[in-house]
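Sequence lines set the chain letters: A, B, ... in the order given, protein chains first and strands last, and positions in each chain run from 1. Just so it is clear, the model here is predicted, and its values are computed rather than measured.
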Amino acid sequence: MKLKLSLKGNELNAALAGELDEHSAADVRRKLDDALRDPDITRVVFDMRSVTFMDSSGIGVILGRCRRLIERGGSMNVINAQRSVEKVLRISGVYKLCNERSGR
Amino acid sequence: MKNYLYASFPSLTCNESLARGVCAQFAIMLDPTVEELSDVRTAVSEAVTNAIIHGYGNADGQVVMELEAEDDMLTVTVRDTGRGIEDIELARRPFYTSKPGEERSGMGFAVMEAFMDSVEVESAPGRGTTVIMRKRFLRDG
Ligand SMILES: Nc1ncnc2c1ncn2[C@@H]1O[C@H](COP(=O)(O)OP(=O)(O)O)[C@@H](O)[C@H]1O
Ligand SMILES: [Mg+2]
């Protein structure tokens, strides 16, 4: 799993690529939390375009970061998911919990 | 057509992708759609991850995956001889996780149920867990 982080103002864009499962989740989580130590970041956009596989381990990663952002009054968005990834996101209510709550 | 595969591998998270790869390759013989195939991959990943993380808790152990194909039906059995589940009904509830501190989503069983036709769980504390998942690949042709 590859993770490309880019910061534009207060928005962190996290472009993931490859397979997100339990095995790769720990590394992704660590890198994101490192980046989120910057208190000025108030918005994270997960670009899922190049994620070819994701199971519920990925949901844990996303919801965990979402919680941290909401705590600091920030917001999150998950975009561009392929169909199979989209299905897992939808079942787990990620769009409801994150995208909508944070007002897109 | 009848086919059968038995795989046994140590409880390492790097074997999650191995297991779903093997399973997908096996399932291809049943001529699934792209969507059906990715459903199977995801469900297998959930069951194997649970065996590794919850069954063995990262301790050493073997995870067994059995694949059976008969006509248009795929049966996937994932088995561990780890700690087992005390309350299966509770464990299967969406968002329930026994390890909330580790940021687990508790959606593994829910995903298996959504992506397969049926999911059976047999488990006994201290003895281990067996998950049996079935999916039929229906073709209107
Ligand atoms: N193979 C297993 N061995 C022991 N416990 C398990 C096993 N599979 C699942 N469980 C239990 O069921 C719960 C729910 O599993 P799941 O829905 O996959 O959520 P999660 O893995 O995120 O906790 C787990 O937290 C665990 O307590
Ligand atoms: Mg799980």
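- Environment of CD in Glu86(B): sparse, with no more than 12 heavy atoms of neighbouring residues, nucleotides or ligands closer than 6.0 Å.
- Remark: the Ser56(A) side chain and the Glu46(B) side chain contain an N/O donor-acceptor pair separated by less than 3.5 Å.
- Residue contact with chain A, scored on non-hydrogen atoms closer than 4.5 Å, involves the backbone and the side chain of Thr42(B) alike.
- Heavy atoms of other residues, nucleotides or ligands lying less than 6.0 angstrom from CZ of Arg49(A) number 12 at most.
- Counting heavy-atom pairs closer than 4.5 Å to chain A, the top residue among Thr13(B), Asp39(B), Thr49(B) is Thr13(B).
- Looking at Arg41(B) and Asp55(A), their side chains never come closer than 4.5 Å, going by heavy atoms from C-beta outward.
- The choice from Glu16(B), Met107(B), Glu102(B), Arg20(B) that makes the most heavy-atom pairs within less than 4.5 Å of chain A is Arg20(B).
- Between Glu103(B) and Arg67(A), no side-chain nitrogen of the basic residue sits less than 4.0 Å from a carboxylate oxygen of the acidic one, so the salt-bridge criterion is not met.
- Put simply, the side chain of Ile53(B) reaches to within 4.5 Å of the side chain of Glu22(A), judged on heavy atoms.
- Within 6.0 Å of the NZ atom in Lys4(A), the count of heavy atoms belonging to other residues, nucleotides or ligands does not exceed 12.
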Might you work through the side chain to side chain contact (heavy atoms under 4.5 Å, CB included) test for Phe53(A) and Ser38(B), ending with a clear yes or no? CA-CA 8 Å; Phe53(A) 175 86; Ser38(B) 66; over 6 Å; no
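- Surrounding CG of Asp60(B) are at most 12 heavy atoms belonging to other residues, nucleotides or ligands under 6.0 Å away.
- With rounding to the nearest 0.5 Å, the separation of CG in Leu18(B) from NE2 in His23(A) is 11.5 Å.
- Contacts between Ser17(B) and chain A at a heavy-atom distance below 4.5 Å involve backbone atoms as well as side-chain atoms.
- Annotation: side chain of Lys87(A) is not in contact with side chain of Val111(B) (no heavy-atom distance under 4.5 Å).
- Using a 4.5 Å cut-off between heavy atoms, Asn15(B) makes no contact with chain A at all.
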